[in-house]
Amino acid sequence: MIALKTEEDLVAIRENALLVSRTLAEVGKFVAPGITTKELDAIAEKYIRDAGALPGFLGYGGFPYTLCISVNEMVVHGFPSDYKLQEGDIVSVDCGTTYRGFNGDSAYTFAVGKISDDDQRLLDTTKASLFKGIEKAVAGNRIGDIGHAVQSLAEAAGYSVVRELVGHGIGKHLHESPEVPNFGRAGHGVKLKEGMVICIEPMINSGVKDVYLADNGWGVYTADHKKSAHFELMVAIRHGAPEILSTFDFIEGKRN
């Protein structure tokens, strides 16, 4: 069952989207060689609570942290730890909030110091595939149109798309219907309707598409231990053009 959001619902959802966007930007200020991923987690938790909200991931399904922090060959769902970020790492930071009965969810892959040209190309391509998918997130299209757009761009650049993990609807619950795969056939799948709010989140591997689950039951790694990137934005389905709710502008210095 897909819950369509009212304009009143969207007011609270936008507030969450803004908060996750600002939280990621706050964390991004501290992403540098030498900081531990657990320290980044503490920064995010304080920022969210100071805003009067709750960390959306903390305790969700038993997840024990505020952020999912996934470094290099870890695709998603990494536990913050005492690992110190190193020059040349790439680190996916996925953040959730709960505020006024609704949820926010967004992710960004940061470069740690100076990274290789190959890794920068992976980041650029993954982000570009996200925006290509968002272009298709309009009423009347289908879920498969989004996935096809993401997959086509990523694979044309020589990368692979993770199949086991997908985007999702969001609202009063962190994960709602429909699922939003990053691959698929154009013209197939659930029809997009005004009032749907979804998270589109390409997880793109520099090597093979295959992944495996860590022993802790959470972390997901690339099977060949090559690097992976992950970007996520919240989008409201509208007629004519998508309404992008969360933003990377705060991270990238385009807004204060």
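None of these values were measured; they are calculated from a predicted model.
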Quick one: side chains of residues 189-196, donor-acceptor pairs under 3.5 Å with protein atoms, not counting sequence neighbours, listed by atom name and distance.
{"from": "Glu194", "atom 1": "OE2", "to": "Arg238", "atom 2": "NH1", "distance (Å)": "3.0"}

Side-chain atoms of residues 224-237: list all donor-acceptor pairs with protein atoms under 3.5 Å, sequence neighbours left out, distances to 0.1 Å.
{"from": "Asp224", "atom 1": "OD1", "to": "Lys226", "atom 2": "N", "distance (Å)": "3.1"}
{"from": "Asp224", "atom 1": "OD2", "to": "Val208", "atom 2": "N", "distance (Å)": "2.9"}
{"from": "Lys227", "atom 1": "NZ", "to": "Gly88", "atom 2": "O", "distance (Å)": "3.2"}
{"from": "Lys227", "atom 1": "NZ", "to": "Asp119", "atom 2": "OD2", "distance (Å)": "2.6"}
{"from": "Ser228", "atom 1": "OG", "to": "Ile204", "atom 2": "O", "distance (Å)": "3.3"}
{"from": "Ser228", "atom 1": "OG", "to": "Asn205", "atom 2": "OD1", "distance (Å)": "2.7"}
{"from": "His230", "atom 1": "ND1", "to": "Ser92", "atom 2": "OG", "distance (Å)": "3.2"}
{"from": "His230", "atom 1": "NE2", "to": "Glu201", "atom 2": "OE1", "distance (Å)": "2.8"}

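To the nearest 0.5 Å, atoms CD1 (Ile35) and NZ (Lys84) are separated by 11.0 Å. The distance from the NZ atom of Lys132 to the CG atom of Leu153 is 6.5 Å, given to the nearest 0.5 Å. Interatomic distance, Leu174 CG to Asn103 CG, rounded to the nearest 0.5 Å: 5.0 Å.
Salt bridge status for Asp249 with Arg255: present, with a side-chain N to carboxylate O gap under 4.0 Å. Salt bridge status for Glu26 with Lys46: absent, with no side-chain N to carboxylate O gap under 4.0 Å. Contact check on Lys209 versus Glu164 returns no salt bridge, with no Lys/Arg side-chain nitrogen under 4.0 Å from an Asp/Glu carboxylate oxygen. By the 4.0 Å N-to-carboxylate-O rule, Arg100 lies close enough to Glu15 to be salt-bridged with it.
Cation-pi check for Arg163 over Phe183 is met; the charged atom lies under 6.0 angstrom from the ring centroid and within 45 degrees of its normal.
At a threshold of 4.5 Å between side-chain heavy atoms, the hydrophobic network of Ile, Leu, Val, Met, Phe, Trp and Tyr places Val197 and Leu4 in two separate groups. Hydrophobic cluster membership is shared by Ile43 and Leu85, with clusters built from Ile, Leu, Val, Met, Phe, Trp and Tyr side chains linked at under 4.5 angstrom. Hydrophobic clustering (side-chain heavy atoms under 4.5 Å, transitive across Ile, Leu, Val, Met, Phe, Trp, Tyr) groups Val112 together with Phe30. Residues Leu40 and Phe79 do not share a hydrophobic cluster, clusters being chains of Ile/Leu/Val/Met/Phe/Trp/Tyr side chains in contact below 4.5 Å. Hydrophobic clustering keeps Val20 apart from Tyr99 (ILVMFWY residues linked when any side-chain heavy atoms are closer than 4.5 Å, directly or through intermediates).
The closest side-chain donor-acceptor pair between Asp82 and Thr36, if any, does not fall under 3.5 angstrom.
Within 6.0 Å of atom NZ in Lys127, more than 12 heavy atoms from other residues, nucleotides or ligands are found, so the atom counts as buried in its surroundings. A 6.0 Å sphere centred on CD of Glu179 holds no more than 12 heavy atoms belonging to other residues, nucleotides or ligands. Heavy atoms from other residues, nucleotides or ligands lying under 6.0 Å from CG of Asn216 number more than 12.
Judged by distance alone, with hydrogens and angles left aside, the side-chain atoms of Ser70 form a donor-acceptor pair with the main-chain N or O of Gly78 at under 3.5 Å. Formation of a donor-acceptor pair under 3.5 Å by the Asp105 side chain with backbone atoms of Gly96 is not found in this model. Not one N or O on the side chain of Asp145 forms a donor-acceptor pair closer than 3.5 Å with the backbone of Ala186. In terms of modelled atom types and a separation under 3.5 Å, the side chain of Asp89 and the main chain of Gln86 share a donor-acceptor contact. No donor-acceptor pair under 3.5 Å is formed between the side chain of Asp94 and the backbone N or O of Cys68. For Lys136 (side chain) and Ile143 (main-chain N/O), no donor-acceptor pair under 3.5 Å exists by modelled atom type.
The minimum heavy-atom distance between Gly61 and Trp218, with the atom names listed, is O-CZ2, 3.4 Å. When all heavy atoms of Thr37 and Ser81 are compared, the pair lying nearest together is OG1-N, 2.8 Å.
Classification of the Tyr65-Phe63 ring pair by plane angle, with boundaries at 30° and 60°, yields perpendicular.
Looking at residues two or more places apart in sequence or on another chain, you find a ring pair (Phe, Tyr, Trp, His ring centres under 6.0 Å) between Tyr221 and Tyr212.
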